[in-house]
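These figures come from a predicted structure and were not determined experimentally. Just so it is clear: chains get the letters A, B, ... in the order the sequence lines come, proteins before strands, and each one is counted from 1.
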2 protein chains.
Amino acid sequence: MSDKTTRDQIIEAADRLFYQQGFDHTSFADIAAFVKISRGNFYYHFKSKDEILDAVIALRLQNTKKMLKQWEKDGAQPIDRIGSFIHILITNQAKILLYGCPVGTLSSELAKLDHKSHAEANQIFSLCRNWLGKQFAALGHGDKADALAMHILARSQGVATLSSAFQDDKFIAQEVAQMCDWLQLHAKNSTT
Amino acid sequence: MSDKTTRDQIIEAADRLFYQQGFDHTSFADIAAFVKISRGNFYYHFKSKDEILDAVIALRLQNTKKMLKQWEKDGAQPIDRIGSFIHILITNQAKILLYGCPVGTLSSELAKLDHKSHAEANQIFSLCRNWLGKQFAALGHGDKADALAMHILARSQGVATLSSAFQDDKFIAQEVAQMCDWLQLHAKNSTT
DNA sequence: GTCTATAGATTGATAGAC
DNA sequence: GTCTATCAATCTATAGAC
């Protein structure tokens with residue numbers, strides 16, 4: 001923890017604060033207070049606030065890739081892997097209830113800001129979409145694999161938004177169970 | 001249009017700009033330029049920016065009530081009424097692709113800002129939830145009516161978020177069709 | 001009821017000492 | 001590499017003329 005570079009500490013603090021407070025509403029003063037450096041020191045590591053955002057998005061892309069790889073390693077069958085994806089709603093439920101989904105809320109904010117990095121932020125969605133599509137393709141849903149991936153992604157987003165609005169963790173549990181039931185209906189032939 | 005009070009013009013401009021740019025990112029200067037009044041004039045009509053937000057939320061609550069009443073009038077059967085709700089995704093698709101759902105994105109933003117009016121903004125969700133629950137109850141789903149209402153609400157939110165991220169109007173059409181299919185499966189006895 | 005002028009705080013960003 | 005000091009712009013909000 002203490003041997004991390006200042007640059008990495010800034011990125012991690014920004015990652016956290018952008019999620020909790022939003023990108024636009026998080027100031028350098030906020031990040032500086034968190035990392036315990038002066039505001040002027042930022043500009044040795046980054047040219048602008050937008051550059052910090054890009055670094056945060058890059059970090060999230062990297063972490064998402066790691067997570068998907070891990071699920072691919074842990075889950076022998078595509079069904080198990082997709083199940084892992086669905087269950088992040090429960091794994092991260094405490095944070096989701098407070099701040100929603102980090103991917104969806106950042107994408108929505110950058111859309112409203114008409115921010116140049118909006119497309120980059122959406123690559124996190126694309127990563128999940130393609131990975132889910134690959135799993136559904138492995139299940140035998142050739143042409144419908146992408147549509148099924150988008151369906152699961154959308155339902156996860158909706159659960160995050162509504163559970164956060166109503167502070168309802170039971171709703172998360174209900175919907176996760178329903179999505180798993182739905183998944184079983186789409187379990188064609190995996191290995192056979 | 002021209003005989004509207006300045007106060008109403010401010011509220012309508014704020015309603016539009018809060019949706020397109022976000023609440024926090026919209027300044028008095030933005031609203032003033034839209035309504036063509038001076039910045040100082042705001043404070044004759046409102047005490048603070050938060051008061052404008054409350055007025056905007058009150059307006060949205062009022063408009064939502066009107067819309068739900070109209071659907072109840074137009075649709076003879078609960079199935080038709082729920083169908084009207086699902087189809088707002090298509091009716092408002094142009095705006096949704098650009099700015100997402102006005103209810104969901106405002107709720108998410110106010111959650112991150114830890115804003116005191118977050119609960120008020122969520123009343124728009126509650127309005128829809130209770131109305132949908134009433135329709136499902138009329139369909140004969142006594143104890144499951146609220147869960148079905150939440151399910152439809154969540155799926156609508158997810159479709160709004162993802163279609164906006166991927167700029168995909170075909171995805172909206174696909175999911176709306178699927179939601180209508182799902183709805184038919186839940187069409188127990190309505191009038192009989 | 002609307003305006004101009006301005007206060008007071010905060011923002012992102014820069015310059016230069018150490 | 002980190003700091004202090006500071007700039008210029010912007011923000012919400014206020015005061016007072018008309």
Is the distance between the ring centroids of B:F46 and B:F28 under 6.0 Å?
-> no
Counting any heavy atom closer than 4.0 Å, what does A:T26 reach on the DNA or RNA strands: base, sugar-phosphate only, or nothing?
-> sugar-phosphate
With heavy atoms under 4.0 Å as the rule, sort B:S27 into base, sugar-phosphate or nothing.
->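 Sugar-phosphate: the residue B:S27, judged by heavy atoms under 4.0 Å, touches backbone atoms but no base.
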Nearest-neighbour nucleotide for the [X] side chain, [options] considered:
X     : options                : result
A:S48 : C:dA13, C:dT11, D:dA13 : C:dA13
A:I37 : C:dT2, D:dA13, D:dC3   : D:dC3
B:F28 : C:dG12, D:dT12, C:dT2  : D:dT12
B:R39 : C:dG12, D:dC3, D:dT12  : D:dT12
A:A29 : C:dT11, C:dT14, D:dA13 : C:dT11

May I have the distance from [X] (atom [atom1]) to [N] (atom [atom2]), rounded to whole angstrom?
X     : N      : atom1 : atom2 : result
B:H45 : C:dC3  : NE2   : P     : 9 Å
A:Y44 : C:dG12 : OH    : P     : 22 Å
B:K49 : C:dT10 : NZ    : C1'   : 14 Å
A:D24 : D:dC11 : CG    : C1'   : 12 Å
B:E51 : D:dT12 : CD    : C1'   : 14 Å
B:Y43 : D:dG16 : OH    : C1'   : 16 Å

In Å and rounded to the nearest 0.5 Å, what is the CH2 to CE distance from A:W131 to A:M67?
-> 8.5 Å
Looking only at the side chains, is there a donor atom on one of [X] and [Y] sitting less than 3.5 Å from an acceptor on the other?
X      : Y      : result
A:T5   : A:D8   : yes
A:H115 : A:D24  : no
B:D54  : B:S117 : yes

Compare side-chain N and O positions of B:N41 against OP1 and OP2 of C:dC3 and report whether any pair is under 4.0 Å apart.
->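 For C:dC3, OP1 or OP2 has a side-chain N or O of B:N41 closer than 4.0 Å.
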